[in-house]
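The first residue in the sequence is number 1, and the count goes up from there.
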Amino acid sequence: MVRNTAREIAVHLAYELSFTDKTAEELVAERLSRDGFAELAGEDELYSEAPNAKQAEYIRALVCGVADHAPELDEFIARYAKGWSFDRIPLVASAIMRVAMYESLYRSDIPTRVAVNEAVEMTKRHRREKAAGMVNAILRKFAANREDMPPLPKGSPAQTLSLRYSHPRWLVERLLSLIGEEETEAYLRMNNQVVPTTIQTNPLKGTPEELEKLLRQTGAQVEPHPWLAGCFSVSGTGDLEQLSAFREGRFTVQDAAARLVATVAAPAQEDRVLDVCAAPGGKSFAMAMDRRDRGQILSCDVHPHKLKLIDSGAQRLGITSIRTALADAREEHAAWLEQADVVVADVPCSGLGIIRKKPDIRYKNPKELAKLPREQRAILENAASYVRPGGTLIYSTCTVLPEENQEIIHVFLSRHPEFRRETFTLPGPVGLCDGEATLWPQRLGTDGFYICRMRRKA
C-alpha cells in the first residue's frame with residue numbers, strides 16, 4: 001500500500017515534468033519554489049498513507065529521487081524506445097517508466113523485475129492498456145542492460161555531469177572550475193541522496209545520553225555525530241515536531257555546518273551578542289545553549305513573522321537570554337554602534353550548499369544570484385559598525401561560491417584595516433583554520449557552508 005502510494009505521487013510529479021512546453025528545470029522551479037516537494041505532493045498526502053515513519057521517509061525519498069534524476073531517466077527511456085517515437089509516448093506512461101527506472105537504479109531494496117511488473121500494472125490502472133505493452137517492452141530492455149548500462153551521450157564533462165546528476169550546466173561548470181571533475185561529481189551525487197536529519201542536544205534540558213535514550217524508545221534510528229559532540233543523525237522519526245522530546249525542548253534541528261557558526265563565534269558568558277540575520281534562530285539558540293543561557297543575545301530579522309518563530313523556539317528550549325528586534329540588516333541603528341562584543345552576519349545567499357535538502361535551489365536563475373554579493377557586502381559593512389573595539393565579527397553563508405564568500409571578505413578587509421581575520425579551530429576533520437573555512441558536503445558530510453571570523457582592533 002505504501003509503495004503504491006509513493007509511486008502514485010512520484011508518477012504525478014514525473015507526469016508534470018513531462019510537458020513539452022516547459023523544461024524540467026522551469027517546471028520544478030515553478031512548482032517547488034516555496035516548500036520543496038511539499039508544494040506538489042503536500043505533507044498530508046506524503047504521510048497520510050504511511051503506517052510508520054520509516055515508510056513515510058520511503059515515500060519522500062522516491063518522490064524527490066524521481067525529480068532529481070528526471071533528465072537522466074528520460075535519456076534511458078528514449079534509448080530503449082526504438083520503434084516508438086519518444087515524443088508520442090503517453091505522458092503518464094513516461095512518468096511511470098521514470099519511477100520504475102529510478103527504483104531499479106537507485107533503490108537497492110526493490111528488485112528490477114518487481115519495479116517492471118508493477119509499472120505495467122500501474123499503466124493499466126491509468127487506463128492506458130495499449131501503452132502497457134510498450135512500457136513492458138521498454139522496461140524489459142532496460143532491465144536486461146541493468147548491470148551493463150551503456151554510457152550517457154559523450155560530451156564535455158560539464159554536459160555529461162549535468163545530465164547524469166540533473167544539475168544546470170552553469171552550476172556544473174562553476175564547480176568544475178573550483179574543485180575539479182572528481183570532487184564535482186561527488187558533490188552532485190551527494191545532492192541527489194537522502195540526507196539524515198541532524199539534531200543538537202539542548203544542555204538546558206538534559207544530557208546527550210538522556211536524549212539518545214528517549215529517541216530510541218520511539219523506534220527512531222539514532223547515531224551520534226562522528227565528530228560533533230552532543231549532536232546526532234536521526235531517521236525513522238516521522239514528523240520531528242510531534243515527538244515529546246521536541247515539544248519539551250530537548251533538542252534543536254540544525255545541520256553540523258550551521259552549528260559550527262556558533263562554535264566559531266564562541267561568545268564569552270557575559271558577552272553582548274548581535275545576530276543581524278537570525279531567523280529562524282538556530283545560530284542564536286546554539287550560542288545561548290553553549291553558554292548556559294547567560295549574557296544577552298539580540299536576534300534580528302526584517303520579517304515580523306520570523307521573529308515570532310525565534311520567540312517561540314526560545315520559549316520551547318527554555319532560553320531566556322534572547323530577545324528579538326525588527327531590523328533590516330542593511331540599515332544602520334545608531335543605538336547599536338560599537339556596542340556588541342560579538343556580531344554574527346549569516347547573510348542571505350544562493351543556498352547552493354543545501355541543495356541536498358532543498359532540491360529546487362539548483363534551478364535558481366543565475367542572473368538573480370549574481371545580484372546577491374551587492375546585498376551581502378551591504379549587510380557586512382553595516383554589521384561591522386556594531387562591533388566594539390576588540391570585538392568579534394562573524395560572516396557566514398550556506399553556499400560554496402567564492403563570489404559570495406572569500407571575495408566578499410577580501411573587499412571588506414581591504415576597506416577596513418581595523419579588522420583582521422582570526423584563526424580558529426573546528427572539531428573533527430576540519431581542524432585549524434586561518435580565519436575562514438569552506439565546508440564542502442562531499443568532504444565532510446555536512447551542508448555546504450562558509451564561515452569567517454574577524455577581530456576588530458582594540
Does anything in residues 196-217 pair up under ring pair (Phe, Tyr, Trp, His ring centres under 6.0 Å), and if so which pairs, sequence neighbours excluded?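 Output for this query is empty, none listed.
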With the threshold set at 4.0 Å, does a side-chain nitrogen-carboxylate oxygen contact exist between [X] and [Y]?
X: Asp341; Y: Arg388; value: yes
X: Arg189; Y: Glu185; value: yes
X: Glu375; Y: Lys371; value: no
X: Lys308; Y: Asp301; value: no
X: Arg377; Y: Glu404; value: no

Considering non-hydrogen atoms only, spot the tightest contact between [X] and [Y] and give its length.
X: Leu307; Y: Ser299; value: CD2-O, 4.0 Å
X: Ile408; Y: Pro373; value: CD1-O, 3.6 Å
X: Ile297; Y: Ala288; value: CD1-N, 3.7 Å
X: Phe232; Y: Pro224; value: CD2-CA, 3.6 Å
X: Gln406; Y: Thr438; value: NE2-OG1, 3.3 Å
X: Val387; Y: Val343; value: CG2-CG2, 3.6 Å

How far does [atom1] of [X] sit from [atom2] of [Y], to the nearest 0.5 angstrom?
X: Leu178; Y: Thr184; atom1: CG; atom2: OG1; result: 7.5 Å
X: Ile409; Y: Asn405; atom1: CD1; atom2: CG; result: 8.0 Å
X: Tyr187; Y: Leu161; atom1: OH; atom2: CG; result: 13.5 Å
X: Thr446; Y: Leu260; atom1: OG1; atom2: CG; result: 7.5 Å
X: Phe285; Y: Ser321; atom1: CZ; atom2: OG; result: 10.5 Å
X: Glu183; Y: Met190; atom1: CD; atom2: CE; result: 11.0 Å

[Y] versus [X], side-chain donor and acceptor atoms under 3.5 Å:
X: Ser235; Y: Gln221; value: yes
X: Arg247; Y: Ser244; value: no
X: Asp275; Y: Ser284; value: yes
X: Ser350; Y: Thr399; value: yes

Trace of the side-chain contact (heavy atoms from CB on, under 4.5 Å) decision for Ile451 with Ile394: CA-CA 7 Å; Ile451 310 172; Ile394 305 297; 4.3 Å; yes
Within the side chain of [X], is there an N or O that forms a donor-acceptor pair under 3.5 Å with the backbone of [Y]?
X: Ser312; Y: Leu309; value: yes
X: Arg272; Y: Gly295; value: no
X: Gln315; Y: Gly313; value: no
X: Asp271; Y: Val273; value: no

Could you walk me through whether Ser156 and Glu173 pass the side-chain hydrogen bond (donor to acceptor under 3.5 Å, both in side chains) check? CA-CA 10 Å; Ser156 67; Glu173 290 175 343; 5.9 Å; no
Could I get the full list of side-chain hydrogen bond (donor to acceptor under 3.5 Å, both in side chains) partners for Gln296, not counting sequence neighbours?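 Once residues adjacent in sequence are excluded, Gln296 has no partner under the side-chain hydrogen bond (donor to acceptor under 3.5 Å, both in side chains) criterion.
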List the residues meeting side-chain hydrogen bond (donor to acceptor under 3.5 Å, both in side chains) with Lys357, not counting sequence neighbours, and say none if there are none.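 For Lys357, the residues satisfying side-chain hydrogen bond (donor to acceptor under 3.5 Å, both in side chains) (neighbours in sequence not counted) are Asp255, Asp447.
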Min side-chain heavy-atom separation [X]-[Y] under 4.5 Å:
X: Leu228; Y: Thr198; result: no
X: Cys349; Y: Cys398; result: yes
X: Thr324; Y: Cys300; result: no
X: Asp290; Y: Arg259; result: yes
X: Leu369; Y: Trp170; result: yes
X: Pro429; Y: Leu444; result: yes
X: Leu393; Y: Arg456; result: no
X: Pro267; Y: Arg291; result: yes

What pairs of residues pass the side chain to side chain donor-acceptor pair (under 3.5 Å) test when at least one of them lies in residues 420-436, not counting sequence neighbours?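 Listed by first then second residue: Arg421-Glu436, Glu422-Arg453, Glu422-Arg455, Glu436-Tyr450.
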May I have the step-by-step check of side-chain contact (heavy atoms from CB on, under 4.5 Å) for Thr201 and Arg250, ending in yes or no? CA-CA 6 Å; Thr201 305; Arg250 293 179 176 272; over 6 Å; no
Report the relative orientation of the aromatic rings in Trp227 and His225; use parallel for angles under 30°, tilted for 30 to 60°, perpendicular for over 60°.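 Answer is perpendicular, since the angle exceeds 60°.
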Evaluation steps, side-chain contact (heavy atoms from CB on, under 4.5 Å), between Val344 and Tyr395: CA-CA 6 Å; Val344 176; Tyr395 176 88; over 6 Å; no
Donor-acceptor pairs under 3.5 angstrom involving side-chain atoms of residues 202-209: please list them, not counting sequence neighbours.
{"residue": "Asn202", "atom": "OD1", "partner": "Leu204", "partner atom": "N", "Å": "3.0"}
{"residue": "Asn202", "atom": "ND2", "partner": "Gly249", "partner atom": "O", "Å": "2.8"}
{"residue": "Asn202", "atom": "ND2", "partner": "Leu317", "partner atom": "O", "Å": "2.9"}
{"residue": "Lys205", "atom": "NZ", "partner": "Glu248", "partner atom": "O", "Å": "2.6"}
{"residue": "Lys205", "atom": "NZ", "partner": "Arg316", "partner atom": "O", "Å": "3.2"}
{"residue": "Thr207", "atom": "OG1", "partner": "Glu209", "partner atom": "OE1", "Å": "3.4"}
{"residue": "Thr207", "atom": "OG1", "partner": "Glu210", "partner atom": "N", "Å": "3.1"}

Would you please test Val172 and Leu188 for side-chain contact (heavy atoms from CB on, under 4.5 Å) and show each step? CA-CA 8 Å; Val172 176; Leu188 300 176; 4.0 Å; yes
Counting only heavy atoms not in Glu338, do more than 12 sit closer than 6.0 Å to its CD atom?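 More than 12 within 6.0 Å, yes.
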Ring pair (Phe, Tyr, Trp, His ring centres under 6.0 Å) involving Phe419 - partner list, sequence neighbours excluded: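 So Phe419 forms a ring pair (Phe, Tyr, Trp, His ring centres under 6.0 Å) with Phe412.
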